[in-house]
**Q** 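Sharing a structure, written as structure tokens. Questions coming.
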Number of protein chains: 2
Amino acid sequence: MTGTADPRPGSPRGEETRTLILDTAERMFVERGYSGVTMRALTAEAGVNLAAVNYHFGTKDALLLEVFRRGSLAINRERARLLREAEALAAPGTAPVRDILRALFEPPLRATLAGGEASGGRSIYMQFVARAALDGPAEMRTMLERDVRHLERFVAALANALPALSRPELLWRFHFAMGVLHSIYHDLKRLDALADGVCDMSDADAIIGRVVDFAVAGLEQPLPLG
Amino acid sequence: MTGTADPRPGSPRGEETRTLILDTAERMFVERGYSGVTMRALTAEAGVNLAAVNYHFGTKDALLLEVFRRGSLAINRERARLLREAEALAAPGTAPVRDILRALFEPPLRATLAGGEASGGRSIYMQFVARAALDGPAEMRTMLERDVRHLERFVAALANALPALSRPELLWRFHFAMGVLHSIYHDLKRLDALADGVCDMSDADAIIGRVVDFAVAGLEQPLPLG
DNA sequence: GTCTATACTTAGATAGAC
DNA sequence: GTCTATCTAAGTATAGAC
């Protein structure tokens, strides 16, 4: 009713088209995988012209980057909020390891597990990382490195919670903890194949608890003798 | 001197050509990434005709699968050998968790870390998994599932070593432990970005020790109260 | 059974009209 | 901003030489 809406095909819609493409891309990438979605199929599904993607985003890779950026922004905001919450409950610089990890893990896990067990293997995050690491242009790697900045707050909080660890020791353990998180993005299919159905993939809360438990154990393990 | 060798271009070389393509593909995939290697660049580098890949392997995806299969075979053989070795040293069914994990992790880590720190992000394993999960044909996923069979021996050994764990509990922990292993394949770049160079990526033995330590801590953690 | 030259098809990118 | 037409690159298929 603002006068800007104009659903006639061929008429300028501006931001609407852009958002429409983003939403359609996010859904289709998860359903069929990045290279399983052709620009032609994507634009047909969204009801926009083939060239519209190139106009609004430049390239198909840039579109994936934008889909990722949008989701990543929301997740990192939620992570920061949960971390502040955890720190507010404790004395300054003494938030427990478990609460820090929960703040770091819960938002992305909820986002990934929300789509049902099957979507884990095709999360936008995984597709973006895979594409960036394997073949993508430099901008993708830059984006991932920038994404690392959000993690520094968590490393700092963990350093406070685990003062006995040297910096390399802490960073290695943090890195492994992220690997535990990522095991949910990547290989749930493998677990399913191994498990004969005895592992319940549908209970997000239970999975989050298990992931956090495992990572806490690794982070809090006693120092090796060497 | 057998009479089968015939290095003239255009002459039938049979198995030689096949191996030459495999070796070249393995090297180039790691260097430039799967879709960064065009069939034309690959065949030019190997000094064979463009159609030779299709003749010997069918498709580019099938070539990647073959490169993976060859490497995976060697790794799984070594894993099995190390596991037998660990089990021979202990009383029947009592190999320690640490030795079992070491047998599982050491072969792939050595293979990945051998190429220098940079190659981690582009290991054949990672490229294969990414491609299989995202866009690859069904044969790739089948291959990965078959690869899971090799893991069952390790799950069984761990079940013996950790009799207090229920089957789902054990399988979840095993899955997370694999995530820790995979963190070396995937995201060493991220650790490097976070670490300002304080983490030494060149010492394979030290890294293997750290990975195993972290995973052991997670597997051996006390049972949750719930 | 191997290899080569060449043609086919799809898909992402782009230029210029409107 | 949007659309049509076109370009280019890349994986694949085929027919025939050896």
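Residue numbers begin at 1 in each chain, while the letters A, B, ... track the order of the sequences.
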**Q** How would nucleotides 12-18 of chain C be written as a contact map, 5' to 3', with B for base contact, S for sugar-phosphate-only contact and - for no contact, using protein heavy atoms under 4.0 Å?
**A** BBB----
**Q** Mind calculating the distance between CG (Leu42(B)) and P (dG11(D)) to the nearest angstrom?
**A** 9 Å
**Q** Does this structure show an ion pair linking Arg110(A) with Glu78(A), if we count only N-O contacts that are shorter than 4.0 Å?
**A** no
**Q** Does this structure show an ion pair linking Asp213(B) with Arg173(A), if we count only N-O contacts that are shorter than 4.0 Å?
**A** no
**Q** Using a 6.0 Å cut-off, check whether atom CZ of Arg27(A) has over 12 heavy atoms from anything other than its own residue.
**A** yes
**Q** More than 12 foreign heavy atoms under 6.0 Å from CZ of Arg149(A): is that the case here?
**A** yes
**Q** With a 4.5 Å cut-off on side-chain heavy atoms, are Trp172(B) and Val211(A) touching?
**A** no
**Q** Let me know the distance between CD of Glu16(A) and C1' of dT2(D), rounded to the nearest Å.
**A** 14 Å
**Q** For residues 52-63 of chain B, which residue pairs qualify under side chain to side chain donor-acceptor pair (under 3.5 Å), counting only residues two or more places apart or in two chains?
**A** Tyr34(B)-Asp61(B), Asp61(B)-Arg131(B)
**Q** Considering just the side-chain nitrogens and oxygens of His56(B), establish if one lies under 4.0 Å of OP1 or OP2 belonging to dG1(C).
**A** no
**Q** Check the distance between dC3(C)'s P and Ile21(B)'s CD1 and give it to me in whole angstrom.
**A** 8 Å
